[in-house]
Structures are given as structure tokens and as C-alpha cells.
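Right, one structure below, let's go through it.
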Amino acid sequence: MADRPGVLVLNGPNLNMLGVREPDIYGSETLDDIEAACTAEGEALGLAVDFRQSNDEGELVTWIQEAHENHAGIVINAGAFTHTSVALLDALSLVEPPVIEVHLSNIFAREEFRHHSYISPVAAGVICGFGAKGYILALQAMAPLVNANGGG
Ligand code: CA2
């Protein structure tokens, strides 16, 4: 609904492949399943969830830059760009909405190159290791940050 605070839920490269490969690491839910769960949770929390995925770093940067106009908060799973992208860090630093970083897997229990995130320094918080439920936890954490008044 238009009067609900909007939350932009961004997904980075290869997350469109969820549920298709590597279910042992990332779970069996598809990105469409996660979007449906986020939309339902957003309704319960009084948030308007705008769920997007891109394999293109520049497109993610553009969406982040535009977020200050239409969105009160940003939840982001930047995928592999988490560990490489100064451009995403800069974009997230430039916008006002609070940022919550999400990862399906526990990045600290994996290869060392996944232990560093360029996004974490500008995030209000980080949720990782809880699979698709991490997106729901992020929305629950976001609600009070954007003054949502819904139940749940
Ligand atoms: O755990 C996460 O959510 C990650 O952000 C997922 C990224 C990975 O590079 C990060 O280190 C942690 C990878 C997303 C790739 O998604 C796939 C989905 C299905 C099959 C293969 C990859």
C-alpha cells in the first residue's frame, strides 16, 4: 500500500539460481519463494516490500541511488559483490535509508574470502546463516527503524 514505508529488498548476482543448484548451501527455496514470504511478512509488519534481483553491479548501484526517493529502508544480499564491491559500499554510504545486510549462508564458516564484507560498515546490522528466514528476520529488524505501525 502506498502509505506503508517502502523497503527495497535487493539481491545480487546468481541469486536467481536459488533452489536450482547447491541446495545444501543455500536451501531449496527459490528466489520467488523468498519474495512471496517477504511480501507476506511486509504486509504483517506494515511495510511495502519492493523485491528485486540483478546480476549487474551498475543496476544495483542505480537502484540504491534511487532508493532515497521511494524507500525508507534497504535490505541487501549482494551475493559475491559483498566481498568485492567498493561501488556498492559507496552507493549505500550516499543514501539515507537504513541498510540491513543478509546472507543465506554463514559467510564466516566458509572460505576466508567470504569473511570480509564491503557492506557491513554501513549496515545497521548483518544477518547470516539462517537461510531464507534471514530475509524475514531482516524485515522484522527493519520495521522499527522505519517506524512501521503494522502488527506482527
Ligand atoms: O550466503 C549468501 O547469501 C551469499 O550472499 C550468496 C552468494 C555468495 O557469493 C556469498 O558469499 C554469500 C552466492 C549467491 C549464489 O547463489 C547461488 C544459488 C544457487 C546456486 C548457486 C549459487
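Ligands are counted one by one from 1 in listed order, and the atoms in each one are counted from 1 as well. This chain uses plain numbering: 1 for the first residue, then up along the sequence.
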query = Taking the side chain as C-beta and beyond, is there a heavy-atom pair between V7 and P5 under 4.5 Å?
reply = no

ask   = Where on I107 is there a heavy atom closer than 4.0 Å to ligand 1, on the side chain, on the backbone, on both, or on neither?
value = side chain

request  = Have a look at ligand 1 and work out which part of N77, if any, has a heavy atom under 4.0 Å from it: side chain, backbone, both or neither.
outcome  =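 Under 4.0 Å from ligand 1, N77 contributes side-chain atoms alone.
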
ask   = Which atom pair, heavy atoms only, marks the closest approach of S93 to V122?
value =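 Taking every non-hydrogen atom into account, OG-CG1, 3.5 Å.
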
Side-chain donor-acceptor contact under 3.5 Å, S85 with E57 =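 Side-chain D/A pair, S85 to E57: present.
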
inquiry  = Any donor-acceptor pair under 3.5 Å linking the side-chain atoms of T30 with those of D33?
reply    = yes

Among [options], which one puts a heavy atom closest to [atom]?
| atom | options | result |
| --- | --- | --- |
| atom 14 (C) of ligand 1 | L18, I25, L15 | L15 |
| atom 3 (O) of ligand 1 | L31, L104, N106 | L104 |
| atom 1 (O) of ligand 1 | G79, S105, P13 | S105 |

request  = Return yes when T82 approaches ligand 1 closer than 4.0 angstrom through a heavy atom, no otherwise.
outcome  = no

query = What distance separates N16 CG from L31 CG, expressed to the nearest 0.5 Å?
reply =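 CG of L31 is found 7.5 Å from CG of N16.
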
Residue and atom name of the nearest protein heavy atom (relative to [atom]), distance in Å to one decimal:
| atom | answer |
| --- | --- |
| atom 21 (C) of ligand 1 | E22 CD, 4.0 Å |
| atom 20 (C) of ligand 1 | R21 O, 3.2 Å |
| atom 16 (O) of ligand 1 | N14 O, 3.5 Å |
| atom 4 (C) of ligand 1 | H103 ND1, 3.7 Å |

task = Give a yes or no answer on whether the side chain of H115 reaches the backbone of R110 with a donor-acceptor pair at less than 3.5 Å.
result = yes

request  = Could you check whether the rings of F51 and Y135 sit parallel, tilted or perpendicular, using 30° and 60° as the cut-offs?
outcome  =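 Rings of F51 and Y135: tilted, 30 to 60°.
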
query = Do ligand 1 and Y26 have nitrogen or oxygen atoms that lie under 3.5 Å from each other?
reply =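 No: no nitrogen or oxygen of Y26 is under 3.5 Å from one in ligand 1.
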
ask   = So is there a nitrogen or oxygen of R114 less than 3.5 Å from a nitrogen or oxygen in ligand 1?
value =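 Yes; the residue has a nitrogen or oxygen that sits under 3.5 Å from a nitrogen or oxygen of the ligand.
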
task = Under 4.0 Å from a heavy atom of H83: give me the atoms of ligand 1 that qualify, with their elements.
result =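 By the 4.0 Å cutoff, the relevant atoms are 10 (C), 11 (O).
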
query = What atoms of ligand 1 come closer than 4.0 angstrom to any heavy atom of M17?
reply = 18 (C), 19 (C)

query = More than 12 heavy atoms of other residues, nucleotides or ligands under 6.0 Å from CD of E96: is that the case?
reply = no

request  = Would you indicate whether E112, at its atom CD, is surrounded by more than 12 heavy atoms from other residues, nucleotides or ligands within a distance under 6.0 Å?
outcome  = no

